[in-house]
J.: 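Submitted below is the structure of interest, expressed as structure tokens.
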Amino acid sequence: MKVRFREYCDSDLKALGGLVARADTHDGAARALAPDAEDDLPLYAFAPRYPLGLERGLTRDEVRSRLGSRLAEVERLVLVAGEGGAVNACVTVYPVGSESSWMLDWVVDPGTRGTVAVDGIVQAGLERIQHLASEGMRGAAAKCSVEARGLREDGEVTAGLSRAGFQAVRTFVIMACELGWAPTALQSRECVPEGISLRSYRSGDAPAWIEAFNSSFSDHWGGFSYSDESWARHASSPRFRKEISVVAEVAGMFAGICHCAPSLNPREEGVAHLHILGVRPEFRRRGLGACLMVEAMGRLRENGFERVELDMDSLNFKALPLYEGLGFREMEAITIYRRQLAV
């Protein structure tokens, strides 16, 4: 039997929150935002498999910020399926920058996965994207790019996306390290290249941090960058803590940055995420990235954290020996799929 999806409405809020909570309990799919029955929008629907970016621990304010002008029509971006006041599945679509690039995501109640086929979920999402993209393109014949993602080992998702014309383009590996044996911050300073010093992020560092980040990731897949406004929002969020955000300073500029953030998931107490590690191109191949990580791990342990996780792009294979050498081991892997969609 084909599952029928419909547009989300305000009365679905509590049931949608229950769906995300059940999925989180089952397999950890929804980590970024815990359901909140008092919230006025289903913002956690945008978090289950990181459709707004491979970051975990997103706050509601950050999700609202990323939705931007779409906030007023967020209901149109969320489809739900269910009967009798229950929500058994949710499909989320999201435009990335323009109507020509979209993300497609979903979450299904663990108890009903046998009756909610991936094919129907993907088809519902693609039809929604076609409808919304055609409005934005004002009827002009065109194509848009659609991305979806799923656990690398999930054969059902892989097969369903393949049948829908998607192809795997890359994989992000989630790795974790127990901090009980992590080196101290002092040890990291013994390997710092000459002329460079490590210290905590301070108030007033924003311009240098933004410049260092944008320079370090200018050649990164996705082309993400910070502006003064977007960094100010990030630095004021509950997950930004100066004492576990490290900079490598040289001659008044930052050669590298390493930013860790505590998990906001109550089920992950004592867990931090290595959120950003970047080194300017002209300072690479000097071991600075390793120094920044060792310093950050030592600070995490000194501040009571027991475990740190990171997301690694599988194409960045040169970083794998560094992470493994510091004790990180693979937990799971998320594969990114893409296809072109006629509008």
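Hydrogens, waters and symmetry mates play no part in the numbers below; they use all other heavy atoms, side chains included.
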J.: Would you indicate whether the side-chain heavy atoms of Trp209 and Ile257 approach each other to under 4.5 Å?
T.: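 The answer is yes; the side chains approach within 4.5 Å.
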J.: Test side chain to side chain donor-acceptor pair (under 3.5 Å) on His259 and His234; report intermediate values, then the result.
T.: CA-CA 11 Å; His259 166 40; His234 181 85; 3.1 Å; yes
J.: Is a salt bridge present between Asp12 and Arg6, judged by a nitrogen-to-oxygen distance below 4.0 Å?
T.: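 The answer is yes: the pair qualifies as a salt bridge.
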J.: Would you call Cys9 and Glu75 a side-chain contact if the rule is heavy atoms closer than 4.5 Å?
T.: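 Not touching, per the 4.5 Å side-chain cut-off.
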J.: Is there a side-chain contact between Leu292 and Val279 (heavy atoms, below 4.5 Å)?
T.: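 Yes, close enough: below the 4.5 Å cut-off.
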J.: If you compare all heavy atoms of Phe240 against all heavy atoms of Ala235, which two are closest, and at what distance to 0.1 Å?
T.: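 So the two residues come closest at CD2-O, 3.4 Å.
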J.: State plainly whether the residues Arg280 and Glu211 are in salt-bridge range, i.e. N to O under 4.0 Å.
T.: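 Judged by the 4.0 Å cut-off on N to carboxylate O distance, Arg280 and Glu211 do form a salt bridge.
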J.: For the backbone of Ala164 and the side chain of Arg339, can you confirm whether one donor and one acceptor N or O come within less than 3.5 Å of each other?
T.: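 Checking the backbone N and O of Ala164 against the side chain of Arg339, a donor-acceptor pair under 3.5 Å is found.
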J.: Is a donor on one side and an acceptor on the other found under 3.5 Å between the side chain of Gln130 and the backbone of Ala342?
T.: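 Flag set: sc Gln130 to bb Ala342 pair under 3.5 Å.
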J.: Check this for me, if you would: do Arg202 and Glu249 make a salt bridge, where the nitrogen-to-carboxylate-oxygen distance has to be below 4.0 angstrom?
T.: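 Looking at Glu249 together with Arg202, the answer is no, because their closest N to O distance does not fall below 4.0 Å.
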J.: Below 3.5 Å, can you tabulate the donor-acceptor pairs from side chains in residues 116-124 to any protein atom, sequence neighbours excluded?
T.:
unit_1, atom_1, unit_2, atom_2, d
Asp119, OD1, Arg163, NH2, 2.8
Asp119, OD2, Arg163, NE, 2.8
Asp119, OD2, Arg163, NH2, 3.4
Gln123, NE2, Glu127, OE2, 3.0

J.: Answer yes when Asp313 and Arg170 have at least one side-chain N-carboxylate O distance shorter than 4.0 Å, and no when they do not.
T.: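 Result for this pair is yes, salt bridge flagged.
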J.: Is Ser230 reaching over with its side chain to a backbone N or O of Tyr226, donor-acceptor style, under 3.5 angstrom?
T.: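 Not a single qualifying donor-acceptor pair exists.
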J.: Would you name the heavy atoms of Leu104 and Gly125 that are closest together and state the gap between them?
T.: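 Nearest pair, atom of Leu104 first, then Gly125: CD1-CA, 3.6 Å.
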J.: Is there a donor-acceptor contact under 3.5 Å from the side chain of Arg286 to the main chain of Val192?
T.: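 Answer holds: no.
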J.: Of the non-hydrogen atoms in Ala89 and Leu19, which two are nearest, and what is the gap between them?
T.: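 In terms of heavy atoms, the two residues are closest at C-CD2, 3.8 Å.
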J.: Closest approach of Cys90 and Phe5, non-hydrogen atoms and distance?
T.: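 Taking Cys90 first and Phe5 second, the nearest heavy atoms are N-CE2, 4.5 Å.
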J.: Do you know which of Arg299, Lys242, Arg241, Glu243 makes side chain to side chain donor-acceptor pair (under 3.5 Å) with Ser200?
T.: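 So, applying the side chain to side chain donor-acceptor pair (under 3.5 Å) to Ser200 and each of Arg299, Lys242, Arg241, Glu243, only Arg299 qualifies.
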J.: Main chain of Glu324, side chain of Arg329: is a donor-acceptor contact present, judged purely on distance under 3.5 Å?
T.: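 The answer is yes, because a donor-acceptor pair under 3.5 Å joins these two groups.
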J.: For residues Met293 and Phe328, determine if any side-chain heavy atom of one lies less than 4.5 Å from a side-chain heavy atom of the other.
T.: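 Side chain of Met293 against side chain of Phe328, heavy atoms only: contact under 4.5 Å found.
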J.: Counting neighbours of CZ on Arg4 that are heavy atoms of other residues, nucleotides or ligands and sit closer than 6.0 Å, is the number greater than 12?
T.: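 Atom CZ in Arg4 is not crowded, with 12 or fewer foreign heavy atoms closer than 6.0 Å.
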J.: Side chains of Leu179 and Glu306: does their closest heavy-atom pair fall under 4.5 Å?
T.: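 The answer is no; the side chains never approach within 4.5 Å.
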J.: Check whether any side-chain N or O of Ser215 sits under 3.5 Å from a backbone N or O of Ala212 as a donor-acceptor pair, and report yes or no.
T.: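 No: the side chain of Ser215 does not pair with the backbone of Ala212.
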J.: List the atom of Gly82, the atom of Asn88, and the distance in Å for their closest heavy-atom pair.
T.: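 It is CA-ND2, 3.8 Å.
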J.: Check the pair Tyr337 / Ser162 against side chain to side chain donor-acceptor pair (under 3.5 Å), numbers first and verdict last.
T.: CA-CA 9 Å; Tyr337 302 87; Ser162 177; over 6 Å; no
J.: Evaluate Thr171 against Thr335 for side chain to side chain donor-acceptor pair (under 3.5 Å), listing each step before the verdict.
T.: CA-CA 4 Å; Thr171 297; Thr335 298; 3.1 Å; yes
J.: Considering non-hydrogen atoms only, spot the tightest contact between Cys144 and Ile129 and give its length.
T.: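 The answer is SG-CG2, 4.0 Å.
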J.: Residues two or more places apart in sequence or in another chain: which of them pass ring-ring contact (aromatic ring centres under 6.0 Å, His included) with Trp102?
T.: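 So Trp102 forms no ring-ring contact (aromatic ring centres under 6.0 Å, His included) with any residue.
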J.: Can you sort out the partners of Arg307 under salt bridge (Lys or Arg N to Asp or Glu O under 4.0 Å), two or more places apart, ordered by chain and number?
T.: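 Arg307 satisfies salt bridge (Lys or Arg N to Asp or Glu O under 4.0 Å) with Glu178, Glu309 only.
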J.: For the pair Glu7 and Arg128, find out whether any cationic side-chain nitrogen is under 4.0 Å from an anionic carboxylate oxygen.
T.: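 A salt bridge links Glu7 with Arg128.
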